[in-house]
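To start, the structure under review is shown below, and the notes come after it.
First listed ligand is number 1; within each ligand, the first listed atom is number 1. Atom set for the values below is all heavy atoms of this structure, side chains included, hydrogens, waters and symmetry mates excluded. Note that the structure is a prediction, hence the values are computed from the model and not measured. By convention here, the first residue in the shown sequence is residue 1.
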Amino acid sequence: MFAATAIDTTNKPAFYNELATQLKALLEGEDDSIANAANTSALIYQMVPDLNWAGFYFLQSDEELVLGPFQGKPACVRIAVGKGVCGTAVDLGMSMLIKDVHDFPGHIACDADSRSELVVLLRDADGVFGVLDLDSPLPGRFDKEDQAGIEKLAAIYVAASSFEG
Ligand code: SME
């Protein structure tokens with residue numbers, strides 16, 4: 001049985017390094033992309049402070065993201081590329097760090113409590129195929145250190161998982 005261990009969160013780079021080690025251990029020996037997405041979102045939601053949602057959206061076509069495994073309240077299922085924070089991340093091909101979602105005109109509110117959001121890309125050799133999305137009820141919850149840490153976790157998830165068939 002895997003047991004996540006509490007990590008000191010005062011030093012963010014050290015926190016995310018330790019979380020990366022725990023995620024590698026959690027996914028070790030398993031390549032099912034859905035199971036790994038479920039466990040990745042569960043670990044992030046359990047360990048990263050002040051989140052109200054953490055989960056995946058996968059591209060079903062060039063135009064549309066569809067909800068994947070997540071932790072938090074039920075969420076909107078389909079997001080068009082170019083819409084919302086998630087669809088904008090795919091459209092621009094970059095992570096999105098939104099300090100206050102009220103200042104992002106296209107923000108899609110799945111949970112009215114969400115005030116800040118971090119979206120990072122899932123990419124392999126063929127390009128972007130989804131996003132990992134974190135929401136917080138605190139304005140300004142995420143900074144560049146969170147972005148770098150979550151991008152690293154997303155890369156660990158992609159490397160561990162098989163997306164064949
Ligand atoms: N806020 C996102 C939608 C997904 S939920 O936050 C889970 C967006 O604007 O794309």
Does any N/O atom on [X] come nearer than 3.5 Å to any N/O atom on ligand 1?
X    : result
I79  : no
A109 : no
W53  : no
C76  : no
K83  : no

Mark up the atoms of ligand 1 that fall under 4.0 Å of a heavy atom belonging to [X], in ascending order.
X    : result
D133 : 4 (C), 5 (S), 6 (O), 7 (C)
C86  : 8 (C), 10 (O)
E117 : 1 (N), 2 (C), 6 (O), 8 (C)
H107 : 1 (N), 9 (O)

Subject >> Residue and atom name of the nearest protein heavy atom (relative to atom 8 (C) of ligand 1), distance in Å to one decimal >> reply: V85 N, 3.2 Å

Original post:
Which residue and non-hydrogen atom of the protein lie closest to atom 1 (N) of ligand 1, and at what distance in Å?
Top reply: I108 O, 2.8 Å

Original post:
Mind checking whether F70 has a heavy atom under 4.0 Å from ligand 1?
Top reply: no

**OP:** Considering only NZ, NE, NH1 and NH2 on the basic side and carboxylate oxygens on the acidic side, decide whether D135 and R141 come within less than 4.0 Å.
**Re:** no

**OP:** For R123, look at atom CZ and say whether over 12 heavy atoms of other residues, nucleotides or ligands are found less than 6.0 Å away.
**Re:** no

**OP:** Verify the neighbour count for atom NZ of K99: are there more than 12 heavy atoms of other residues, nucleotides or ligands below 6.0 Å?
**Re:** yes

Original post:
Knowing that exactly one of N36, L23, L19 qualifies, which makes a side-chain contact (heavy atoms from CB on, under 4.5 Å) with I156?
Top reply: L23

Subject >> Qualifying residue, where the test is side-chain contact (heavy atoms from CB on, under 4.5 Å) with V119 and the options are L97, T88, I150, V131 >> reply: V131

Can you tell which part of [X] has a heavy atom less than 4.0 Å from ligand 1: side chain, backbone, both or neither?
X    : value
F104 : neither
D111 : neither
D135 : side chain
C110 : side chain

Subject >> Parallel, tilted or perpendicular: ring planes of F56 versus Y157, cut at 30 and 60 degrees >> reply: tilted

Subject >> I44 side, atom CD1; W53 side, atom CH2 - distance, nearest 0.5 Å >> reply: 11.0 Å

Subject >> Trace of the side chain to side chain contact (heavy atoms under 4.5 Å, CB included) decision for F142 with D50 >> reply: CA-CA 10 Å; F142 306 108; D50 301 317; over 6 Å; no

**OP:** Using distance alone, with no hydrogens and no angle criterion, decide if S95 and E151 have a side-chain donor and acceptor under 3.5 Å apart.
**Re:** yes

Original post:
Does the side chain of L118 come within less than 4.5 Å of I98's, by heavy atoms?
Top reply: no

